[in-house]
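Worksheet: one structure, shown below.
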Amino acid sequence: MHAITLTEFGSPDVMQWTQVPDLRPERGQVIVDVAAAGVNRADLMQRQGFYPPPPGASETLGLECSGIISELGEGVYDWKVGDRVCALLSGGGYAEQVAVPATQLFPIPGALDLHAAAALPEVASTVWSNLVMYGGLRSGHVVLLHGGGSGIGTHAIQVAKALGATVAVTAGSKAKLDFCASLGADILIGYKEQDFVEVLRDSTHGADLILDNMGAKYLPRNVEALAMDGTLITIGMQGGLKGELDFGALLGKRGTIHAAGLRGRPETGPSSKADIVADMTARLWPMIEEGVVSPIVHAELPITEAAEAHRMLDADAIGKVILRVQ
């Protein structure tokens with residue numbers, strides 16, 4: 001089969017579409033013939049040598065895909081050859097085939113396009129596990145989403161609005177803010193000109209939940225922006241690894257700081273990918289089938305143009321970029 005391999009760590013041009021050994025499913029796995037793969041910022045980091053896959057995971061880029069099951073491993077009984085699925089991966093999506101634990105498969109929701117479904121698993125799992133399963137997102141909450149125009153942001157807006165929250169977003173351009181508004185965002189904050197702490201203070205009681213992709217750079221102001229008993233959930237470190245925390249400010253808010261990754265979670269057991277997938281299938285997937293929540297796809301490129309897809313995601317993409325494999 002063919003897959004994207006790296007000649008070295010570095011620029012997008014180190015990716016090549018080359019032949020690699022065929023895959024066979026281990027017990028509990030299926031082989032999916034990949035239709036499309038989602039592009040995530042984690043892929044860009046791995047390509048540069050900053051985000052190695054967890055032990056035992058594929059070295060091939062790609063944390064989510066859609067496609068059709070072509071082979072079942074031993075012990076798989078809930079799926080069959082020919083099923084249309086999308087999958088949460090620890091790696092391997094940029095390829096013609098991928099081996100996936102059956103517990104990390106989703107059915108394609110309703111009449112959703114098979115290729116567009118590749119934009120769902122990674123962002124949906126990140127949003128749902130953090131805001132809903134951990135954060136307890138509910139009607140009446142004020143939610144602040146940094147990077148509202150990203151794949152994570154555009155998905156989180158829809159989920160939060162569907163659950164009755166007031167949604168504030170930060171973004172770096174009017175085009176992104178306008179798109180966030182079209183998805184239902186209530187409070188639009190241009191972070192280059194506005195201070196999100198001041199905007200929230202003027203218009204709300206503060207943020208009950210903050211989904212943050214910046215890490216160190218925003219830490220003090222995120223704590224300041226929290227409502228009483230609010231929770232800051234950090235899922236990225238685009239603004240640095242180490243910041244200064246004012247415990248007095250956090251204690252004054254009775255606040256909580258939670259940091260969570262997705263890729264390194266165990267396949268099964270407590271806090272596992274299997275738990276997240278099962279909860280999403282039961283509670284989020286009906287929203288997608290009804291069209292209340294939809295994947296936002298900025299562009300779809302052939303897998304041979306993976307380098308351009310990475311450049312696009314690193315520029316001004318709104319929502320997701322996906323790579324069509326077949």
Side-chain angles (χ1 to χ4, degrees), residues 41-42 45 50 123 126-127 129-132 134-138 140-161 163 165-181 183-262 314 316-318:
R41 191 158 294 277
M45 294 172 60
F50 300 135
V123 295
T126 298
V127 170
S129 62
N130 285 293
L131 288 183
V132 181
Y134 178 82
L137 174 63
R138 62 182 183 271
H141 270 166
V142 174
V143 180
L144 172 60
L145 307 171
H146 291 303
S150 67
I152 294 284
T154 54
H155 182 83
I157 292 168
Q158 297 177 77
V159 171
K161 292 304 297 180
L163 295 177
T166 296
V167 177
V169 299
T170 64
S173 70
K174 184 178 184 302
K176 289 184 177 181
L177 290 173
D178 287 346
F179 194 85
C180 291
L183 294 176
D186 304 284
I187 301 168
L188 309 174
I189 305 167
Y191 67 78
K192 295 178 181 178
E193 302 86 19
Q194 297 172 282
D195 182 342
F196 63 83
V197 177
E198 293 181 1
V199 174
L200 285 180
R201 182 185 297 130
D202 292 342
S203 56
T204 72
H205 60 266
D208 299 291
L209 291 168
I210 300 176
L211 191 63
D212 170 61
N213 60 353
M214 294 300 293
K217 182 177 181 179
Y218 278 10
L219 178 58
R221 287 196 292 154
N222 275 332
V223 172
E224 194 176 353
L226 285 174
M228 295 299 294
D229 301 303
T231 299
L232 164 62
I233 301 171
T234 297
I235 59 170
M237 298 168 288
Q238 293 180 41
L241 301 176
K242 297 180 180 180
E244 186 171 301
L245 174 62
D246 183 341
F247 277 102
L250 189 64
L251 284 166
K253 296 287 182 72
R254 298 192 298 270
T256 300
I257 297 177
H258 176 70
L262 179 63
D314 214 17
D316 292 319
I318 297 177

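- Residue pairs satisfying the salt bridge (Lys or Arg N to Asp or Glu O under 4.0 Å) criterion with at least one member in residues 250-259, sequence neighbours excluded, are listed as follows: D229-R254.
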| query | Can I210 and L226 be said to form a side-chain contact (heavy atoms from CB on, under 4.5 Å), step by step? | reply | CA-CA 8 Å; I210 300 176; L226 285 174; 3.7 Å; yes
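- Rounding to the nearest 0.5 Å places CD1 of I257 at 5.0 Å from CG of L219.
- The minimum heavy-atom distance between Q194 and V199, with the atom names listed, is NE2-CG2, 3.9 Å.
- Applying the side-chain hydrogen bond (donor to acceptor under 3.5 Å, both in side chains) test to N213 and every residue at least two apart in sequence or in another chain returns nothing.
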Return a table of donor-acceptor pairs under 3.5 angstrom between the side chains of residues 233-249 and protein atoms on other chains or two or more places apart.
unit_1 : atom_1 : unit_2 : atom_2 : d
D246   : OD1    : G248   : N      : 2.9
D246   : OD1    : A249   : N      : 3.1

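- Residue pairs meeting the salt bridge (Lys or Arg N to Asp or Glu O under 4.0 Å) criterion with at least one member in residues 200-209, sequence neighbours excluded: R201-E224.
- In this structure, the side-chain hydrogen bond (donor to acceptor under 3.5 Å, both in side chains) partners of D314, at least two apart in sequence or on a different chain, are R41.
- Considering CG of L145 and CD1 of I152, their distance stands at 10.0 Å, rounded to 0.5 Å.
- A search for side-chain contact (heavy atoms from CB on, under 4.5 Å) contacts involving L262 returns L88, E122, S125, T126, R265, I276, not counting sequence neighbours.
- Of the inter-residue distances, the one linking K217 atom NZ with D212 atom CG reads 11.5 Å to the nearest 0.5 angstrom.
- For the residue pair G149 and C180, the shortest heavy atom distance occurs at N-SG, 3.8 Å.
- Applying the salt bridge (Lys or Arg N to Asp or Glu O under 4.0 Å) test to residues at least two apart or on different chains, the pairs with a partner in residues 189-198 are D195-R221.
- Summarising the geometry of A168 relative to L200, their closest heavy-atom pair is CB-CD2, 3.8 Å, with the distance given to 0.1 Å.
- Atom-to-atom distance recorded for L144:CG and T170:OG1 is 6.0 Å, nearest 0.5 angstrom.
- Note that CD1 of I157 is 8.5 Å distant from OG of S150, once rounded to the nearest 0.5 Å.
- Distance OG1/T231 to CG/N222: 12.0 Å, rounded to 0.5 Å.
- Nearest heavy atoms, L137 versus A165: CD1-CB, 3.8 Å.
- For the salt bridge (Lys or Arg N to Asp or Glu O under 4.0 Å) condition, the pairs that include at least one residue of residues 167-178, sequence neighbours left out, are K174-D178.
- Nearest heavy-atom pair across K161 and L183 is CG-O, 4.4 Å.
- Between L131 and A156 the shortest heavy-atom distance is CD1-CB, 4.2 Å.
- Residues forming a ring pair (Phe, Tyr, Trp, His ring centres under 6.0 Å) with H205 (at least two apart in sequence, or on another chain): none.
- Every residue meeting the ring pair (Phe, Tyr, Trp, His ring centres under 6.0 Å) condition with H146, not counting sequence neighbours, appears here in chain and number order: F196, Y218.
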